[in-house]
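Chain A is the first sequence line, chain B the second, and so forth, proteins listed ahead of strands; every chain is numbered from 1.
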Amino acid sequence: MQGQQRTREMNLFTDIRTLVLDCLAALQAEGVLPADLEMNNVTVEPPRDATHGDMATNAAMVLAKPAKMKPRDIAEALAARLTADPRITAAEVAGPGFLNLRLDPVVWQQVIATVLRAGKDYGRANVGQGRKVNVEFVSANPTGPMHVGHTRGAVVGDALASLLDFAGWDVTREYYINDGGGQVDVLARSVYERYREAHGLSPEIADGLYPGDYLKPVGEALKAEHGDKFLGKPEGDWLPLFRSYATDAMMAMIREDLAALGVEMDIYSSEKALYGTGKIEEALATLRDMDLIYEGVLEPPKGRKPEDWEPREQTLFRSTAHGDDVDRPVMKSDGSWTYFAPDIAYHYDKVQRGFDLLIDIFGADHGGYVKRMKAAVSALSSGRVPLDVKLVQLVKLQRGGEPLKMSKRAGTFVTLKDVVEMVGPDVTRFVMLTRKNDAPLDFDVDKVLEQSRDNPVWYVQYAYARINSVLRKAEAQGLDTADASLAGAALSDLSHPAELALIRKMADWPRQVEIAARAHEPHRVAGYLMELAADLHGHWNLGNDAVELRFLQDDQAIMRGKIALARSVGVVISAGLAILGVTPVEEMR
RNA sequence: GGAUCCAUAGCUCAGCUGGAUAGAGUGUCGCCCUCCGAAGGCGAAGGUCGCAGGUUCGAAUCCUGCUGGGUCCA
């Protein structure tokens, strides 16, 4: 397979792991090791401590027990086999049974050529094997502009989608429009007041209506299109029209906000569109066939004394059969659907569209919804399709250490657009990915624009800009700095420990991609980039004292290798930034 | 009351989904540099990984209970 072949060449760690497994198989063939051994737990990783060598394998420790042998004996037999490979220069047993490997520097140096030849595809993985994944994210109610909380979900979802794509998944980015519930009626009534206002009447923004100014243009547009024919008319005359008009306007605004962030959805699905199509009934019928729907009365919630609690018979989903804590109502006693019913139908639809994996990005306030959603997907796909729900915690927006408060009810809140206008889409995206999704995030709009070490965005961008600066200078000295040319540079001169350390960091990139993709954690990419940038800057600083470590050299042949190293770091940085959706800057100003 | 997430250096946080002596940044302390390969550099001190058990060759990581905090729930 072409793809797998390429992956093997790019990820040095899986290369060496394959070698380890081959050696173990040979030992089995010789009868040194028993035939039936589980090898899945055998890993090849960079050691925490660089003095331990280049790579370490735990094979001897993992296999000791099932093979009924001492770890040391296995390790020594394995070491003897491994050192027969030209890539391995040393293999020594250490600690409780680790096997520390040292690789021929040539192997490391070749990483540079690999990076330069692969370009932006360096690190592409095949963990997805072309399977289909649906990432549903943002899914903000179409009742107003997106605020900072949504922004984090948007960035996390988009970056996760890019990461999975990079790791070999077939990705669909999807937005679920919650336009079926009561909140869009509220929206329509709010817009009606703005419509009245457009006619010179004073709006009555009753408690519970959306007070934001952003609805004024919608009211005016309705006036321009329909004149005064809805003034003084009963709600039934205008509600449906106002509802769809307003949600369309809100969705247009949300799409603009997303575009400002650089987020492009593949599909917008509508909750409203599920009604009347039989989709909900179909999904529930499927569950009913599985004996997972029944009429019943829920236990009152434990603990706090239920004041207005009364036992009511409802239509319930037996979600406890799929891991939930209690069964959940899908239809209220008055015969109307609960919020849960269309969500079931929507996820059923996703299952039917053939996805092998579903991912939902929710705000942390929807955490209570996770178990029932997982139960529904588990039931409706007969356990075939996993649903992973990533909960995105709050963003604490600050300016110079002071909190920027937001309140949707008062109509004064910091929108996504505000933030993007203040700091730009690239900074917004990067900062949103500097923490794992389930940890709260501090976002200081002043700090993220500082040029300092503790501003991670700047730090990574600066590394990239430095590399480009040095490339320009090398070019001015007559060097061909095209990647294709640099890929042919002689690299044997790059043998200084600092240079090899930098290369090792780059060699780790494909591995980090796999780890991040498997864990569904795009923030790891940002973390890796900060480390790579730190290594680049550290190496740069060494050049202040040690002239032979500078990228710019008098000797063209030597400089060519150094520049190849610099450029390959730049390639990896831009590959990582591409996953985050951040544009690298060529020059600092 | 239940669900869920979190708890790691003074502070802000990483930590490879079980590996070796737990890492950065910042702050503190000490030294060096004034170099445009500028937007500092080197080093030191600083830890019962919330607490208590359990699982195993091995736990910050997995399981159970507890404590404290965020979020959610008719």
Would you mind telling me which of [options] lies closest to the side-chain atoms of [X]?
X: Ala94(A); options: A20(B), G37(B), C5(B); answer: A20(B)
X: Tyr462(A); options: A39(B), C5(B), U4(B); answer: A39(B)
X: Gln393(A); options: G19(B), C5(B), C13(B); answer: C5(B)
X: Arg511(A); options: G37(B), C16(B), A14(B); answer: C16(B)

Can you check whether [X] reaches [Y] side chain to side chain, under 4.5 Å on heavy atoms?
X: Arg560(A); Y: Gln553(A); value: no
X: Phe13(A); Y: Glu45(A); value: no
X: Phe317(A); Y: Asp327(A); value: no

C1' atoms of U71(B) and G15(B), separation to the nearest Å: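 U71(B) and G15(B) have their C1' atoms separated by 25 Å.
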Polar contact flag, side-chain donor to acceptor under 3.5 angstrom, Thr143(A)-Gln183(A):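 Gln183(A) and Thr143(A) do not have a side-chain donor-acceptor pair below 3.5 Å.
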Donor on one side chain, acceptor on other, Ser333(A) and Gln314(A), under 3.5 Å: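 No, because no side-chain N or O of Ser333(A) sits under 3.5 Å from a partner of the opposite role on Gln314(A).
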In whole angstrom, what separates [X]'s [atom1] from [N]'s [atom2]?
X: Arg435(A); N: G70(B); atom1: CZ; atom2: P; result: 20 Å
X: Phe362(A); N: U4(B); atom1: CZ; atom2: P; result: 16 Å
X: Asp54(A); N: A20(B); atom1: CG; atom2: C1'; result: 16 Å
X: Trp458(A); N: G25(B); atom1: CH2; atom2: C1'; result: 13 Å

Review item, nucleotides 59-62 of chain B N/O atoms under 3.5 Å of protein N/O:
none

Phosphate contact (C35(B) OP1 or OP2) by Asn544(A) side-chain N/O below 4.0 Å: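 For Asn544(A), the contact criterion (side-chain N or O under 4.0 Å from OP1 or OP2 of C35(B)) is not met.
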Residue closer to the 5' end of RNA chain B, Lys371(A) versus Arg524(A) (nearest nucleotide):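 Nearer the 5' end of the strand: Lys371(A).
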Residue whose nearest RNA chain B nucleotide is more 5′ - Gly543(A) or Asp508(A):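 First, find each residue's nearest nucleotide; the 5'-ward one identifies Asp508(A).
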Asp360(A) (side chain) donor-acceptor with Val389(A) (main chain) under 3.5 angstrom: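 No, Asp360(A) side chain to Val389(A) backbone: no donor-acceptor pair under 3.5 Å.
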Backbone N/O of Val330(A) and side chain of Thr338(A): donor-acceptor pair under 3.5 Å: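 Here the side-chain-to-backbone pair exists.
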Sugar-phosphate only, base, or nothing, as touched by Val62(A) at under 4.0 Å among non-hydrogen atoms: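 If one applies the 4.0 Å heavy-atom cut-off, Val62(A) turns out to touch a base.
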Sugar-phosphate only, base, or nothing, as touched by Ala364(A) at under 4.0 Å among non-hydrogen atoms: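 Sugar-phosphate, no base atom in range.
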Near-parallel close stack of Phe98(A) and G19(B) base (under 5.5 Å, under 30°):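 Here the ring of Phe98(A) and the base of G19(B) are not stacked, as the 5.5 Å and 30° limits are not both satisfied.
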